[in-house]
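Whatever order the structure lists ligands and atoms in, that order sets their numbers, starting from 1. Keep in mind the model is a prediction, meaning the values are calculated, not measured.
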Amino acid sequence: MPLVPPYIESLRPYVAGLSADEVRKRYRLDRIDKLASNENPLGPSPRAVDAMRASLDKLNLYPSGGIDLRARLAELFELKIDNVIVGSGSEGIMANIIRTFLCDEDEVLTTENAFIGFQVLAKSRGVKYQTVPYRDWKYDLPALAAAINDNTKIIYLANPNNPTGTIFTRHEFDDFYKHVPERVLIILDEAYFEYAEDNPRYPDSMHYRYDNVITLRTFSKIYGLAGIRIGYGFAHESLIGNLLKVKLPFEPSTVAQAAGIAALTDKEFLHRSLELNARSLRMLMDACHDLGLSTVPSEANFAMLPLDSPEQAQYIFEELLKRGTIIRPLTAFGLPHCVRISTGTIEETERAVANLRQAYVPVK
Ligand SMILES: Cc1ncc(COP(=O)(O)O)c(C=O)c1O
């Protein structure tokens, strides 16, 4: 038996983009705008920062396992605490789902070019990873339903989706759900939920408290807390109960839990973030439209630009980098002809747009 299982050996390690400091040094720039990871350009929720500071003098003690945040979320969403889990980001919970529910012969089903974090987690488990292509850059739910087989154990759906920014509607999900056997677990990843929830066509998964649906949400995006690693999930108590057996007992950290509890009260920050995102996204989309660049309609805090070729995508990425705007090439997602740009502050987005204007030469 090899020391490293073949499915680990064949994984490609995650290659992080250049850090802002590396870009600054390499191109001798004074200012860098990082619009590559769908982070909140306003920084972290101020209430969360205060709460984190206040939690520091308790760090000699082990954390509670997230019980206080679970209780707060249960109260807020009118659920039992047994229906709520918290963890080190929604990816932390995703990792636990993979570890808890998958057996060797099980299969995972999702879209092609799904969120890279999920791709890595599922593939590292060594089970069969089955995909269906996008249709118009959206999950092709009828094709996914048709692809379910006797071994399908987990279906992963991100809504809004990363990297496309698209959503599937309430109606589309209802139709899809009818075709999913009860033994199949649906992960509904709602990392960008807050950006889409006001869209009447967006399915609020709190209305889908089916026994085989796990909803995942995060404090990393709208609350600006990606660096502290805190996310949460809702599901039937038997699913949560099994996840709790597998979860690291002291996850999340005391500081992360304090941040999450306080962030939930920071409505002012939430509204400011949403307002900025709407303005910034509109600026970005309008500018792309003026330039003749195609975009995918987005319900999140980023926009995906499908370009003519991988070379053109790489060229735009590098030209923006030289000018101080870091965006995300999507080769690792399996989309080498696409780039993704996160919304920034108005000034950051203005600079990104100006840099795009200089960099983009339409193919005649
Ligand atoms: C669709 C999706 N799910 C989950 C995550 C990860 O969130 P977290 O920071 O909570 O692990 C991201 C982050 O980019 C994402 O885009």
What's the separation between atom CD1 in Ile230 and atom CD in Gln257, rounded to the nearest 0.5 Å? 7.0 Å
Show me the short polar-atom pairs for ligand 1: any N or O of it lying under 3.5 Å from a protein N or O, with distances only.
| from | atom 1 | to | atom 2 | distance (Å) |
| --- | --- | --- | --- | --- |
| ligand 1 | 3 (N) | Asp189 | OD1 | 3.3 |
| ligand 1 | 3 (N) | Asp189 | OD2 | 2.6 |
| ligand 1 | 7 (O) | Ser90 | OG | 3.2 |
| ligand 1 | 9 (O) | Ser220 | OG | 2.6 |
| ligand 1 | 9 (O) | Arg229 | NH1 | 2.8 |
| ligand 1 | 9 (O) | Arg229 | NH2 | 3.3 |
| ligand 1 | 10 (O) | Ser90 | N | 2.6 |
| ligand 1 | 10 (O) | Ser90 | OG | 2.9 |
| ligand 1 | 10 (O) | Thr218 | OG1 | 2.5 |
| ligand 1 | 10 (O) | Ser220 | OG | 3.3 |
| ligand 1 | 11 (O) | Ser90 | N | 3.2 |
| ligand 1 | 11 (O) | Glu91 | N | 3.0 |
| ligand 1 | 11 (O) | Arg229 | NH2 | 2.7 |
| ligand 1 | 14 (O) | Tyr192 | OH | 3.4 |
| ligand 1 | 14 (O) | Lys221 | NZ | 2.8 |
| ligand 1 | 16 (O) | Asn162 | ND2 | 2.7 |
| ligand 1 | 16 (O) | Tyr192 | OH | 2.7 |

Measuring from Phe219:CZ to Ser90:OG, what's the distance to the nearest 0.5 Å? 11.0 Å
Hey, could you give me the CD1/OG1 distance between Ile155 and Thr111, rounded to the nearest 0.5 Å? 12.0 Å
Using the side chain to side chain contact (heavy atoms under 4.5 Å, CB included) definition, which of the options Phe118, Tyr7, Tyr156 pairs with Tyr129? Phe118
Glu275/Arg272 ion pair, N-O < 4.0 Å: no
Evaluation steps, ring-ring contact (aromatic ring centres under 6.0 Å, His included), between Tyr223 and Phe269: CA-CA 8 Å; Tyr223 294 107; Phe269 183 73; 7.5 Å; no
